[in-house]
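To start, the structure under review is shown below, and the notes come after it.
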Protein chains: 4
Amino acid sequence: MAFRMQFLSDNAAAVHPQVWQALRDADTADTPYDTDALSRRLDGAFSELFGREVAALWVATGTAANCLALATMVQPHGAVLCHREAHIEMDEGGAPGFYLHGAKLVLAEGEGAKLTPDGIRAALDPIRDDVHQVQVHALSLTQATEYGRCYRPGELAEIVALARERSLKLHMDGARFANAAAHLGCAAAEACGEIDALSFGCVKNGAMNAEGIVFLDPGLADVARYRRKRAGHLQSKGRYLAAQVLAMLDGDLWLANARAANAAAAEIGSAGGRRLLHPVEANEVFLRCTAPEREALRAQGFGFYDWGPDAARFVAAWNTTEKDARALARAIENL
Amino acid sequence: MAFRMQFLSDNAAAVHPQVWQALRDADTADTPYDTDALSRRLDGAFSELFGREVAALWVATGTAANCLALATMVQPHGAVLCHREAHIEMDEGGAPGFYLHGAKLVLAEGEGAKLTPDGIRAALDPIRDDVHQVQVHALSLTQATEYGRCYRPGELAEIVALARERSLKLHMDGARFANAAAHLGCAAAEACGEIDALSFGCVKNGAMNAEGIVFLDPGLADVARYRRKRAGHLQSKGRYLAAQVLAMLDGDLWLANARAANAAAAEIGSAGGRRLLHPVEANEVFLRCTAPEREALRAQGFGFYDWGPDAARFVAAWNTTEKDARALARAIENL
Amino acid sequence: MAFRMQFLSDNAAAVHPQVWQALRDADTADTPYDTDALSRRLDGAFSELFGREVAALWVATGTAANCLALATMVQPHGAVLCHREAHIEMDEGGAPGFYLHGAKLVLAEGEGAKLTPDGIRAALDPIRDDVHQVQVHALSLTQATEYGRCYRPGELAEIVALARERSLKLHMDGARFANAAAHLGCAAAEACGEIDALSFGCVKNGAMNAEGIVFLDPGLADVARYRRKRAGHLQSKGRYLAAQVLAMLDGDLWLANARAANAAAAEIGSAGGRRLLHPVEANEVFLRCTAPEREALRAQGFGFYDWGPDAARFVAAWNTTEKDARALARAIENL
Amino acid sequence: MAFRMQFLSDNAAAVHPQVWQALRDADTADTPYDTDALSRRLDGAFSELFGREVAALWVATGTAANCLALATMVQPHGAVLCHREAHIEMDEGGAPGFYLHGAKLVLAEGEGAKLTPDGIRAALDPIRDDVHQVQVHALSLTQATEYGRCYRPGELAEIVALARERSLKLHMDGARFANAAAHLGCAAAEACGEIDALSFGCVKNGAMNAEGIVFLDPGLADVARYRRKRAGHLQSKGRYLAAQVLAMLDGDLWLANARAANAAAAEIGSAGGRRLLHPVEANEVFLRCTAPEREALRAQGFGFYDWGPDAARFVAAWNTTEKDARALARAIENL
């Protein structure tokens, strides 16, 4: 942690003051697990946000949120279709294989880690409809993607239509759903489309250790509740998780925090010019950047990850200061 | 939550002020997962406590702690021997079956949910040593037990010897290990004996949502780290969990809190007389109690669980006041 | 194999001549897996036997039959209720835990390894309807039981009614279904009752290595087909399995073989007198028998298993000769 | 089965007369499972064949053989590296995910479905050595490959060396190991190299439903025995499987059958000319072939599979006649 200005990731940033306040307010006696007053408010709060009746659960991590959601959609002998660079494939330590009891991930291609109808068809079509090959039961997409790209409502509608045509359930990994919604400027319901379940990310957006799983098909939530307990994710002091999630929704803190992070990323991206590997649509910036250039930036106090041998990733968080973002932008311009 | 005086459980009590302080102190930038400065202090802190080199991990729940520990000891085709009323058998929603990939729980009898060498032998001996029957790979015991009973160091030594003779690994569910250690008045190492892994409970003892898994056989920790991630239990802001666990160890807060809870339980138990179903050795009191008697207690503002049709369970927490404990004791005497 | 007269088990007896003939007749070119002409006849043959439309699959072993059937009924977070001495609990090496991905077996009591409505209720009723305890999804009963006892149609009807009332699916382990049907003298459909799936045993009744799984709820068969392949049980030369099963049905060989075995067991049982531990209703005889008595029998050339320290089990097979059965009966009388 | 001359696959061919004889010879009383005299001969027979002490098990299918072998090498949180077109990835209905409890398949590239050191490195090197990514525990290669290509002993030695350098266990899918050994003209031990376990295919080479799993590291066999039972693959009349495997070894029937199939394929391949997609090194021939050409061949009575839109696969079996092979060769030349 030698770097004064951190752009490593949004996943370890400090906790937002309003989340702290909610945690303190939850520090009174209440019943255990998810029977407390706060946990019981989740369904209502998310139903209001999405303008329809949904069922919502808290859980401590995005990996658990993704896998518990998928476990309601995919049988052990089935598969999930996702992008080749999806977090569930690349960075969850095999959690989908664990939670889905050996179900497979079928990988599709697409620019910027975005699935497209063509990419989905190219992955699905070669699968013979017989018992010798694993059949796809659900599709998982990430909003914003692992490269900070956003699906527009129209793109989502196309993918949803294709999935339904193939009888696939739909899950969205929304670890950075807030950043996508903020970028798109549309309602939450439009930013996810007609999917079955959404992992509603909070940790990367100012919470401490609580995420939401929002079942837009509320009928799936019952299985998820059993699976959450079975996975050791039903915390006994659940009210401290519910409090965090509710704090994020309260007064649209989730959008405010995401807008701040997106703005910082936009500032940095604006200095990227021809270095930019992906349009900046959320809070991540990927830049072509040689090793000496990266060394130069680090020497100026900027922390970030290498992205392969010739690139770097910069992530802005809810608490990235305008000053730091500008400093980084200037440093990039001066490379 | 209509009851003014809560004895339902220690599992939903408020968070101790020193834990709050530690959480706030952790609210600075650091690296994610368990690479932060606090997480890196866990091995050392527990090694000091146990007087030997151990490896320690944080995790959010006791169920996850138990199952991750057992997953390092039991192959999918094996079994864990535990008491018929062990938490892993009765109250973890099948989590051992999930984490151990279908391994079985073999159940043993014993008074007060305590395993005994005889009870263990009675469960092990009928198992034929062939592929048609599931072989036991590990033994799990709970300290203090589900009925608030404690294993003395000598009892542990006997069980450990038997387990080793049968080539079994040993796990201890220490959701209330602090209460046992406080009751026994011995060192942590003596309160667990020569086992391989201990779930070191913090949540029931003043923490918010962090438990320790202490590998007294440090060689097992590496597999646990992979399994923790795979189970979605590797939180990205892990420093907030490490902070809680370290706060519990700091200045022996874990013992102070347990002593307070034990004292309250002792007070209540002292009023139990012939009603007492189990000696009070930790922070739980089980009393024979008719339905009208329970109603009477509730009418006076005491919250607690029925324990079958003719009994009640009262649990004291770190923050149970002397006044409340005394009031309950008096109410029991007056029944 | 020092014993001239074998009563160890029916599970290793020779193959019936009609099964051999069917195997040889199948030795012509055909398509692989279950696409061949013989495999395609299974649904029809069993539909005729059960007087309703069923779907049927072949599989090599009873363990696979039981577990594949149950896998269509039980979710990984659920449980199967069965008798404490059921084969799936005692002798399948943890296969249910494997095939059901960690689902649990909930054990019920009952004389002669028979489930009763009271025994089932006693096992179900204490399970709290919450996520902390594993919920039962299906019930499995064995016909004839592990002690050679048969469920009468009326007994089955009661159990079925109870199971439906509790929303449980129903499976029957029919490793010795033929012996039960022969004993009961009723139609196949009456000998199993209104269950969802039956493991129709052939191996213990004259086949080499083929069992049937009969889905009386044909909608379950599709999942079983995927799971069979996934378990490595879809043999490429499946026609040799289909041939065996069809040979068993052809001309009711299954009943003829079972009647022969039952008759031999009856002969033996008739000599049992007060030694009899269970009424003889199928092809197994359990007798009280001291160690010296067992030695005496073995010295006369009879092979059989000890059944604990004070008893012996004698099993007749389709090819047990009248002469051998009589010889054993006489030897028992002379003890 | 309208085609007079079958080249669809070797997996459904008739059973060799010597196998039939061995089956009939096994039709005497013996003990169940793998305790019979024939099953107990397997270790010795394979130890002789491989010129070292090995442990061997029978099992009914190649899928079960592959997965049981791999289950001794790979932990549930690990992965198997294999070729993108390996049978375990493409055609086993997700069995590896089931048997390995959610472990992953990591896919490598290579011409003709052959792994190469470069291809292996390209798949392994990007995997970060941390808990977020699934680590490879074993490598599985197919001899002969899915395209009928053979690894030379020198190629195997290179791959073995690389695997050992990376601490990987090694498995060989030898569904057509006989065809490879016959082609290479080397000893069995050279045709597999210094691996840990081999699926020794018999079904495609004249057996009915028995394969061998040969543990060249005999220490792995014990776990496999438990897992075989747990998977429902321990047949009670196991002697009929042992008999088949022993018959294949007896007098090197396995090589004789493979040579016959290879010779037929060579005949067909010799007519392939520029149509040949892969050198013919075993008993499979892949030819560029338009739809009308395929129709023309079928009209002449030849059965075979399309291989994508522009190719066809022809497989010779142990019983493919020289006459049929020549007829097909001529028909191909005349296209």
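Below, chains carry the letters A, B, ... as their sequence lines are ordered, and counting in each starts from 1. Keep in mind it's a predicted model, so treat the numbers as computed, not measured.
For the options A:Q235, A:R227, A:K204, heavy-atom pairs under 4.5 Å to chain B are most numerous at A:Q235. Comparing A:V59, A:D27, A:T63 by how many heavy-atom pairs each has under 4.5 Å with chain B, the most go to A:D27. With respect to chain B, the highest number of heavy-atom pairs below 4.5 Å among A:H233, A:E92, A:M208 belongs to A:H233. Of the listed residues B:A13, B:C67, B:A207, B:S9, the one with more heavy-atom pairs under 4.5 angstrom with chain A than any other is B:A13. The greatest number of non-hydrogen atom pairs below 4.5 Å with chain B, out of A:A317, A:G94, A:S236, is found for A:S236. Of the residues considered (B:G303, B:A14, B:A60, B:A64), B:A14 shows the highest number of contacts with chain A, using heavy-atom pairs under 4.5 Å.
Looking at B:F98, the atoms closer than 4.5 Å to chain A (heavy atoms on both sides) sit in the backbone and in the side chain alike. Of the atoms belonging to B:A26, not a single heavy atom falls under 4.5 Å from chain A. Both the backbone and the side chain of B:L23 come within contact range of chain A, each with at least one heavy atom under 4.5 Å from a heavy atom of that chain. Proximity to chain B is absent for every atom of A:A37, based on heavy atoms less than 4.5 angstrom apart.
For B:R230 (side chain) and A:G97 (main-chain N/O), no donor-acceptor pair under 3.5 Å exists by modelled atom type. For B:R24 (side chain) and A:W20 (main-chain N/O), no donor-acceptor pair under 3.5 Å exists by modelled atom type.
Of the inter-residue distances, the one linking B:R239 atom CZ with A:N209 atom CG reads 11.0 Å to the nearest 0.5 angstrom.
Contact detail for B:P32 and A:N11: the closest heavy-atom pair is CB-OD1, 3.5 Å.
For the residue pair B:H101/A:H101, the side-chain donor-acceptor check at 3.5 Å is not satisfied.
Heavy-atom neighbours of A:E322 CD from other residues, nucleotides or ligands within 6.0 Å: at or below the threshold of 12.
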